[in-house]
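Proteins get letters first, then strands, A, B, ... in listed order; numbering begins at 1 in each. Computation of the quantities below employed the complete heavy-atom set of this structure, encompassing side-chain atoms and omitting hydrogens, waters and symmetry-equivalent molecules.
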There are 2 protein chains.
Amino acid sequence: MATQRLTKQRKAITEALRSQENFKSAQEIHALVNLNGETIGLSTVYRNLTEMFEARDVDMIIGTDGESQYRLCSNGHHHHLTCTNCGLAIEITGEALEVWAKQVGIDNGFTEIAHTLEITGICRACKNT
Amino acid sequence: MATQRLTKQRKAITEALRSQENFKSAQEIHALVNLNGETIGLSTVYRNLTEMFEARDVDMIIGTDGESQYRLCSNGHHHHLTCTNCGLAIEITGEALEVWAKQVGIDNGFTEIAHTLEITGICRACKNT
DNA sequence: GATTAAATGGGAATGATTGTCAATAAGCCT
DNA sequence: AGGCTTATTGACAATCATTCCCATTTAATC
Ligand SMILES: [Zn+2]
Ligand SMILES: [Zn+2]
Ligand SMILES: [Zn+2]
Ligand SMILES: [Zn+2]
């Protein structure tokens with residue numbers, strides 16, 4: 001397991017993530033961090049976000065353009081309902097879905113079954129604009 | 001609407017897709033096409049795959065590394081159960097899931113609701129190796 | 001304060017994807 | 001068949017997110 005030193009860079013990145021409601025790309029996080037006076041390297045932001053994701057401290061999704069996006073999330077397995085217009089991201093859970101997905105795998109002889117699911121749409125606020 | 005000329009390049013790309021069971025990246029398709037003697041430009045492969053995807057002639061998914069992958073698929077909305085080891089891709093449909101996903105959106109005031117779902121695991125053949 | 005390995009930064013390298021535009025050729029007309 | 005028009009191609013440049021590299025910095029411990 002990698003040693004985890006509490007560097008000011010890591011603090012700043014965590015802080016930036018905390019200030020954001022929705023998913024942000026590594027580049028956006030980098031820009032946010034450097035707005036607050038700090039001057040943190042892009043490599044450092046990428047490294048830390050990757051580590052935080054592997055440690056399950058942040059959620060990561062791959063956007064439609066292939067860009068990775070990060071967000072602080074509640075613990076445990078869940079999915080998201082996101083507005084494609086404003087980025088609003090709502091956490092979703094569905095036990096029936098979880099069971100169904102696993103069963104589909106089992107029925108086909110698969111093991112180590114996992115899944116990804118994202119629901120998208122236009123939120124109420126954006127629709128009334 | 002764009003005119004669709006039946007070029008030999010387009011035929012070759014379609015042929016390469018037809019010969020493949022699983023999802024392949026644009027670069028892989030390009031390599032496949034050029035194996036068969038033809039010499040087709042990489043740009044052409046990208047252009048055609050994009051067009052074919054927009055015309056719903058092929059499925060496209062974004063891999064974990066952000067790379068786009070393409071495959072000829074049956075018509076209609078469906079998902080995939082893919083083996084992370086050998087790439088085997090099985091088409092999946094689930095009416096209950098479709099209804100549930102849409103309802104989740106509706107319950108949260110969303111419109112123009114869509115979703116993506118991918119199930120992954122290790123297939124039986126790969127497990128017994 | 002001294003020590004030491006983890007962590008940083010910044011600039012280069014990678015690699016997929018897109019853009020450019022002159023040259024080519026599919027489909028159509030005669 | 002030959003010619004015309006314009007969609008399409010292809011070689012290369014350009015873009016852009018992400019990863020690499022490595023000398024320098026610094027958090028943590030004593
Ligand atoms: Zn919205
Ligand atoms: Zn789930
Ligand atoms: Zn499919
Ligand atoms: Zn579906």
Compile the donor-acceptor pairs under 3.5 Å between side chains in residues 122-129 of chain B and protein atoms, sequence neighbours left out, one pair per line.
{"unit_1": "N128(B)", "atom_1": "ND2", "unit_2": "R124(B)", "atom_2": "O", "d": "3.3"}
{"unit_1": "T129(B)", "atom_1": "OG1", "unit_2": "A125(B)", "atom_2": "O", "d": "3.0"}
{"unit_1": "T129(B)", "atom_1": "OG1", "unit_2": "C126(B)", "atom_2": "O", "d": "3.3"}

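As rounded to whole Å, 12 Å separates atom C1' of dA7(C) from atom CD1 of I40(A). We find that CZ of F53(B) is positioned 12 Å from P of dT18(C), with the value rounded to whole Å. As rounded to whole Å, 18 Å separates atom P of dT14(C) from atom CG of D65(B). Summarising the geometry, the separation between CG on L49(B) and C1' on dT8(D) is reported as 15 Å, rounded to the nearest angstrom.
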Report each atom pair, protein N/O against N/O of nucleotides 28-30 of chain C, whose distance is under 3.5 angstrom.
none

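Applying the side-chain hydrogen bond (donor to acceptor under 3.5 Å, both in side chains) test to S74(B) and every residue at least two apart in sequence or in another chain returns E91(B). In this view, H80(A) and F23(A), H78(A) satisfy the ring pair (Phe, Tyr, Trp, His ring centres under 6.0 Å) rule, not counting sequence neighbours.
Between T93(B) and W100(A), the shortest heavy-atom contact is O-CZ2, 4.0 Å. A pairwise comparison of heavy atoms in V33(B) and A16(B) identifies CG2-CB, 3.7 Å as the closest pair.
The CZ atom of R18(B) sits 6.5 Å away from the CG atom of L72(B) when rounded to the nearest 0.5 Å.
In this structure, E21(A) places its CD atom where only 12 or fewer heavy-atom neighbours from other residues, nucleotides or ligands lie under 6.0 Å away.
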Determine, for nucleotides 16-28 of chain D in 5'-to-3' order, which nucleotides have protein heavy atoms under 4.0 Å from the base (write B), from only the sugar-phosphate (write S), or from neither (write -). -SBBB-----BBS
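Nucleic acid contact class of N48(B) (heavy atoms, under 4.0 Å, all strands): sugar-phosphate only.
Connectivity analysis of hydrophobic side chains (ILVMFWY, heavy atoms under 4.5 Å, direct or indirect) links V99(A) to nothing; its cluster partners are none.
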